[in-house]
Amino acid sequence: MSLETAQTAGFCFGVRRAVDLAEREAAKRPIYALGEIIHNAHEIRRLAACGVRTAQRLEEIPDGAPVLIRAHGVAREVFERLREKGCEVFDATCPFVAKIHRIAERESAAGRLVAIVGTEGHPEVEGIRGWCRESAVFEDSASLEKALKSDKLDCERVSLLAQTTVNREVWNKSAEIIKKECTNSKIFDTICNATDERQMEARLLAGKSDMMIVIGDKKSSNTKRLYEISRSLCPCVLLVEDATELKAAMAGFTRAERIAITAGASTPAWIIKEVSNMMSEEIKIENGEDFAAMLEESFKTLYNGEKVTGTVVAISATDVQVDLGVKHTAYIPMDELSDDPGYKVEENIKPGDEIEAIVVRVNDVEGTVTLSKKKVDHLKGWESIEAAKEEHTVVEGAIVEENRGGVVATAFGVRVFIPASQTGVPKDEPMAQLLKTRQSFYITEINRQRKRVVGSIRAVQQEARKAAAEKVWETIEVGSSYNGTVKSLTSYGAFVDIGGVDGMIHISELSWGRIKHPSEVVSIGDQVNVFVIGLDRENKKISLGYKREEDNPWSIFKTNYEVGDTANVKILKFMPFGAFAEIVPGVDGLIHISQIADHRIAKPDEALTIGQEVEAKIIDINDEKKKVSLSIRALLMGGEDEE
């Protein structure tokens with residue numbers, strides 16, 4: 001018999017981020033969570049013991065209390081109501097979900113119907129709907145197709161999104177239907193990458209196993225999807241919440257040669273470990289590992305400097321007790337856990353965790369073994385750093401120090417020097433902005449004898465920008481819209497980064513009015529919505545538009561006025577032949593001198609003053625030349641004799 005545990009099993013990034021934030025803030029004072037932070041009753045009870053109080057409704061939260069928004073996210077209205085209550089809000093909305101909120105809000109503001117493939121009533125789906133004016137939810141492709149055929153969806157303005165945990169197959173079918181039926185649709189693939197990877201690994205494991213064990217809360221959509229996928233490929237699938245449930249389920253267990261374990265994104269590591277340990281013991285017994293052999297193992301002799309693996313049994317204020325499966329009791333003193341001064345035991349180690357350490361001292365008289373985890377980390381750190389350089393993989397570390405030549409990061413417990421030229425920070429900006437941030441970098445040089453490691457953030461940024469640029473050039477078309485960042489300004493326009501590629505907005509495309517310099521409209525660093533008006537793929541040049549037709553002063557004028565209408569206008573300037581007046585911002589009209597008064601005048605200023613607001617009748621509109629003729633006289637004479 002064999003046992004394999006999915007590498008993707010357990011907390012996803014969003015859930016881990018929310019749980020960590022809840023624990024960190026609850027350590028300072030009790031904090032309220034709006035809705036269960038995680039679909040796992042065991043973890044909710046653990047968090048409650050830490051000071052995290054779960055409120056199902058806003059009314060349950062006292063005014064001014066600290067509140068955590070869970071990874072599922074909430075509607076915009078919830079944020080507004082919490083502000084009204086004076087609550088301190090800690091937003092743990094998963095970044096992937098927050099991105100969906102932005103898309104939904106933007107598409108809805110453009111007058112489009114937001115169609116969501118997901119589970120009706122699920123907190124994440126309800127949160128997304130809370131950023132839309134008009135939305136619809138579809139559990140699967142069949143319900144979507146039915147709605148289209150019954151004309152319940154306006155095909156001309158549908159934007160399709162997905163709940164982050166939607167089954168990939170369901171999403172693909174839904175997207176195909178929309179592409180086929182709706183000519184003006186927009187499709188946004190918002191399934192979380194972690195979800196894709198977790199479901200893909202579940203398929204691979206289920207396809208080659210005789211038994212699948214899926215661990216997770218039965219309310220979790222993520223866990224349900226894994227169970228459904230496993231059942232379609234494996235003859236025997238058990239859905240359990242913890243090791244106790246597994247023990248009961250195993251009563252009807254039939255022999256299986258290949259067993260695999262996966263777990264939903266809301267399943268804590270310690271529960272996965274308990275289930276894995278239980279199955280390991282079952283396999284040991286099944287494979288004939290007898291008690292005598294296990295007893296012999298318990299009398300194994302340990303030596304100083306030996307690397308060992310054990311299970312955390314208990315944590316005290318002074319040390320961590322570890323079970324090594326031997327007769328000695330093993331301890332790791334607190335100062336032997338990590339070199340990191342900011343290392344927090346409660347955030348990194350929990351009972352049930354497997355841990356590696358180096359034997360520092362064996363005391364046969366007292367029957368104790370002193371261990372060091374940081375010595376293992378140091379050895380493994382150098383191995384990881386060397387592997388990262390050899391394989392050219394990205395390393396992530398915290399920036400802890402700045403000096404004249406650059407900054408220092410720590411990764412895998414090893415100090416990495418990053419020269420100023422490789423920080424990615426422009427020369428005229430301070431490198432201090434990187435301090436206490438986590439950065440990705442490549443290892444470019446290692447000298448283990450001198451304990452010198454050199455890295456480059458800039459190389460990662462360049463590679464990422466190149467990859468992003470290639471992706472943009474694969475999909476870009478005239479008319480494509482982007483949210484970009486203004487990178488630089490010239491006298492003739494603004495250069496905008498649209499995701500790894502720079503495009504230029506010519507000064508004439510920045511405003512419908514005349515401007516002398518782009519800085520009158522945008523500034524460096526501004527986030528702007530732009531659209532492609534020209535492409536030169538050979539020379540890699542992109543022309544962007546910024547001003548929108550709906551903002552065209554002439555279009556606004558034509559929408560609101562026609563010949564014969566009366567307008568309230570503002571006198572702007574005088575000419576010998578008449579006066580120019582503003583009808584709407586950006587559109588002026590000419591009041592000929594003969595149309596200013598009901599009697600003959602020699603100059604416009606005999607009847608008018610600059611800045612004066614008067615009523616005038618529109619007597620002619622020239623669309624081709626975009627000119628408007630106005631008359632005050634026509635109103636004074638009751639519409640007679642307008643010439």
Side-chain angles (χ1 to χ4, degrees), residues 109-111 479 486 489-494 496 504-523 526 528-531 533-534 543-643:
V486 178
L489 303 176
T490 67
S491 60
Y492 52 84
V496 177
M504 191 193 79
I505 311 173
H506 191 269
I507 191 169
S508 62
E509 290 294 329
L510 279 167
S511 172
W512 287 105
R514 291 183 180 179
I515 58 173
K516 294 180 180 179
H517 194 271
S519 58
E520 296 177 38
V521 179
V522 294
S523 301
D526 282 357
V528 292
N529 289 313
V530 295
F531 53 96
I533 59 175
S543 297
L544 301 173
Y546 179 70
K547 61 183 185 183
R548 307 273 171 175
E549 183 57 37
E550 57 265 29
D551 299 325
N552 185 341
W554 185 257
S555 297
I556 295 171
F557 165 71
K558 288 298 298 295
T559 300
N560 293 283
Y561 295 100
E562 57 185 31
V563 173
D565 286 351
T566 298
N568 185 272
V569 301
K570 182 179 180 181
I571 306 301
L572 297 178
K573 64 178 179 179
F574 296 138
M575 301 295 286
F577 50 82
F580 283 97
E582 181 185 71
I583 307 170
V584 297
V587 176
D588 301 341
L590 171 65
I591 312 173
H592 191 270
I593 194 167
S594 64
Q595 299 298 318
I596 290 177
D598 57 1
H599 57 279
R600 188 178 296 277
I601 59 175
K603 294 187 295 184
D605 60 5
E606 291 180 18
L608 300 170
T609 58
I610 300 296
Q612 180 182 357
E613 293 188 2
V614 296
E615 296 285 321
K617 186 175 183 179
I618 299 171
I619 58 176
D620 185 53
I621 297 174
N622 187 325
D623 261 321
E624 185 179 345
K625 296 182 179 180
K626 292 184 171 49
K627 290 185 177 181
V628 183
S629 296
L630 302 170
S631 173
I632 299 173
R633 181 185 178 196
L635 297 178
L636 295 174
M637 299 187 68
E640 301 177 4
D641 189 19
E642 295 177 5
E643 298 299 323

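The shown structure was predicted, so the numbers you read here are calculated from the model rather than taken from an experiment. These values consider heavy atoms only, across backbone and side chains, with no hydrogens, waters or symmetry-generated copies.
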*Might you work through the side chain to side chain contact (heavy atoms under 4.5 Å, CB included) test for I507 and I515, ending with a clear yes or no?*
CA-CA 8 Å; I507 191 169; I515 58 173; 3.7 Å; yes
Which atom of [X] lies closest to which atom of [Y], heavy atoms considered:
X: I610; Y: K573; answer: CD1-CA, 3.6 Å
X: A607; Y: I596; answer: CB-CG2, 3.7 Å
X: M504; Y: Y492; answer: SD-CE1, 3.5 Å
X: M575; Y: P604; answer: O-CG, 3.4 Å
X: L510; Y: P518; answer: CD1-CB, 3.5 Å
X: Q595; Y: S631; answer: OE1-OG, 2.6 Å

Between [atom1] of [X] and [atom2] of [Y], what distance do you get to the nearest 0.5 Å?
X: K626; Y: D588; atom1: NZ; atom2: CG; result: 14.5 Å
X: F580; Y: L572; atom1: CZ; atom2: CG; result: 9.5 Å
X: I593; Y: K603; atom1: CD1; atom2: NZ; result: 9.5 Å
X: I571; Y: I591; atom1: CD1; atom2: CD1; result: 4.0 Å
X: L489; Y: H517; atom1: CG; atom2: NE2; result: 6.0 Å
X: L636; Y: H599; atom1: CG; atom2: NE2; result: 9.5 Å

*asked:* Could you go through I619 and L630, starting from their C-alpha distance and side-chain angles, then the distance that decides it, and tell me whether this counts as side chain to side chain contact (heavy atoms under 4.5 Å, CB included)?
replied: CA-CA 6 Å; I619 58 176; L630 302 170; 5.9 Å; no
_Run E509 and L544 through side chain to side chain contact (heavy atoms under 4.5 Å, CB included) and show every step you take._
CA-CA 8 Å; E509 290 294 329; L544 301 173; over 6 Å; no
*For Y561, enumerate each residue passing the ring pair (Phe, Tyr, Trp, His ring centres under 6.0 Å) test, keeping only those at least two apart in sequence or located in another chain.*
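For Y561 the ring pair (Phe, Tyr, Trp, His ring centres under 6.0 Å) partners, ignoring immediate neighbours, are F557.
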*Go through T559 and W554 one step at a time and tell me if the side chain to side chain contact (heavy atoms under 4.5 Å, CB included) criterion holds.*
CA-CA 9 Å; T559 300; W554 185 257; over 6 Å; no
*If we only count heavy atoms from C-beta on, is the I632 to L608 side-chain gap below 4.5 Å?*
yes
